[in-house]
Amino acid sequence: MNRSIRKHTIIALACMAFATCSAFAQTPEPLPPGAKLKSVEARPERIDLKHAFDYRQVLLTGVLESGERVDVTRLAEFKAPASLAKVSPRGQVRPAGDGGGKLEFSVLGKTGAIPVQVSGQKDKYAVSFVRDVMPTLSKMGCNAGTCHGSAQGKNGFQLSLRGYDPQMDHRALVDDIAGRRFNRAAPDRSLMLMKPSGAVAHIGSVITQPGDPYYELLKLWIGEGAKLDLDTPRVKSIEVYPPSTGVPLPGMKQQMTVWATYSDGTKRDVSAEAFIQSSNIEVATVDAQSVVTAVRRGETALLARYEGNYAAATLIIMGDRTGFAWNNPPEFNWIDKLVYDKLRTVKVLPADLSGDSDFIRRLHLDLTG
């Protein structure tokens, strides 16, 4: 096969793969069979966007007539004034211009609205290396162990693993190779932007493009002089929401959100930059946008990580429990109540009381190991 034929074959296969992936990405996420939507709860209750790179991840939770709660964020149709905000199909809201209004949503006939206030879009945003650039580099994978965060770095460029040392990373970016990674006069011509955007060869592939929030954030930081601000407030703790939730059936999904609290008391939505991992990928997996996909019935812990801070949540995939009915077993002590609460949650009936011989056998096994 000559090079021309090979090239066109690769392009055709890539187009087919893209079409397949696009179709999969747009596949609707139906409710459980026979389920009826009773109401929809929206979080946050209000959206305030205060600068050009601010955003909010909306989470819509549907309450079914059965009492179950399911994520319906990606089932919703969002509508907001184009001059005010932009909304992604996943429910991420970014500012477009100053003003006030509403983000309206509709899910299977249920409607609602979230007040939106946007400000500071005409003000020049002062990009912080510690607060903004470091989380961006982490999310883009630049300081991962498989990239420039490895022990030896990549192609002569090394960053601290997961960004634990901002001062070292700033020095590596600004001072190494005589500062050739930056062009403050023409930020678009900076090697730091040309490589990840594919303008020049990059083993790590294309991970951002002009117009993307991450690209524009890095571009603005370079244009402002690529400054280092070690005295900026640091992340004190993070909160993952929902802290404990269930998914009715395998194949269904759950959007997670992560908020960071800083040392000066301010809070920030960091759902797009945070990392969430499942403790059991055979039960559930998590994508880069913090959306969990249920794989099979079971329970897993979800660990959220952002700038050296961690928070955990639990997720239960229920599976088909058609016909389940709680039999109200007697409670003999407070331990029974705790056990029954969990069994009721996972829709499992408690075992019958054991006989004396069974009890002695189990006790013997416990004592002897």
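Along the sequence shown, residues carry numbers from 1.
A side-chain donor from one of T300 and S278 sits under 3.5 Å from a side-chain acceptor of the other.
Taking hydrophobic clusters as Ile, Leu, Val, Met, Phe, Trp and Tyr residues chained together by side-chain heavy-atom distances below 4.5 Å, L75 shares a cluster with L103.
Between V247 and M252, the closest heavy-atom pair is CG1-CB, 3.5 Å. The shortest heavy-atom contact between A304 and I238 is O-CD1, 3.6 Å. Counting all heavy atoms, side chain and backbone alike, G91 lies closest to F78 at CA-CE1, 3.9 Å.
Ion pairing of D54 with R56 is present here, as a side-chain N (NZ or NE/NH1/NH2) and a carboxylate O approach within less than 4.0 Å. Taking 4.0 Å as the cut-off between side-chain N and carboxylate O, E41 and R69 count as a salt-bridged pair.
Panel note: side chain S160, backbone D165; a donor-acceptor pair is recorded below 3.5 Å. Proximity of a side-chain donor or acceptor of Q117 to a complementary backbone N or O of G99 within less than 3.5 Å is detected. Panel note: side chain N183, backbone R189; no donor-acceptor pair is recorded below 3.5 Å. Between the side chain of D341 and the backbone N or O of V339 there is no donor-acceptor pair closer than 3.5 Å.
Looking at residues two or more places apart in sequence or on another chain, you find a side chain to side chain donor-acceptor pair (under 3.5 Å) between K342 and E299. By the side chain to side chain donor-acceptor pair (under 3.5 Å) test, K219 pairs with D188, sequence neighbours left out. For R297, there are no side chain to side chain donor-acceptor pair (under 3.5 Å) partners, not counting sequence neighbours. Here R90 pairs with D287 under the side chain to side chain donor-acceptor pair (under 3.5 Å) rule; sequence neighbours left out.
Enclosure of atom CZ in R74 by more than 12 non-hydrogen atoms of other residues, nucleotides or ligands within 6.0 angstrom is indicated. By the 6.0 Å contact criterion, CG on D264 is enclosed, its count of non-hydrogen atoms from other residues, nucleotides or ligands being greater than 12.
Atoms CG and CE, from N143 and M168 in turn, are 10.0 Å apart once rounded to the nearest 0.5 Å. Rounding to the nearest 0.5 angstrom, the gap separating the NZ atom in K50 from the CD atom in Q121 is 12.5 Å.
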Identify all side-chain donor-acceptor contacts of residues 358-369 below 3.5 Å with residues at least two apart in sequence or on another chain.
| unit_1 | atom_1 | unit_2 | atom_2 | d |
| --- | --- | --- | --- | --- |
| T368 | OG1 | H364 | O | 2.9 |

| message | Checking E239 against R268 for the salt bridge (Lys or Arg N to Asp or Glu O under 4.0 Å) test, could you report, in this order, the C-alpha distance in whole Å, the side-chain angles of both residues, the deciding distance, and whether it holds? | response | CA-CA 10 Å; E239 176 188 5; R268 187 179 190 182; over 6 Å; no
| task | Begin from the C-alpha positions of V40 and V72 and carry the test side-chain contact (heavy atoms from CB on, under 4.5 Å) through to its verdict. | result | CA-CA 8 Å; V40 177; V72 295; 4.3 Å; yes
| field | side-chain contact (heavy atoms from CB on, under 4.5 Å) assessment of E307 paired with R234 | value | CA-CA 9 Å; E307 293 298 281; R234 302 293 184 93; over 6 Å; no
| task | Run the numbers on L49 and S119 for side-chain contact (heavy atoms from CB on, under 4.5 Å), then give the verdict. | result | CA-CA 6 Å; L49 304 175; S119 61; over 6 Å; no
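Sorted by first then second residue, the ring-ring contact (aromatic ring centres under 6.0 Å, His included) pairs that include residues 100-141, not counting sequence neighbours, are H51-Y125, F53-Y125, F129-H170, F129-W221.
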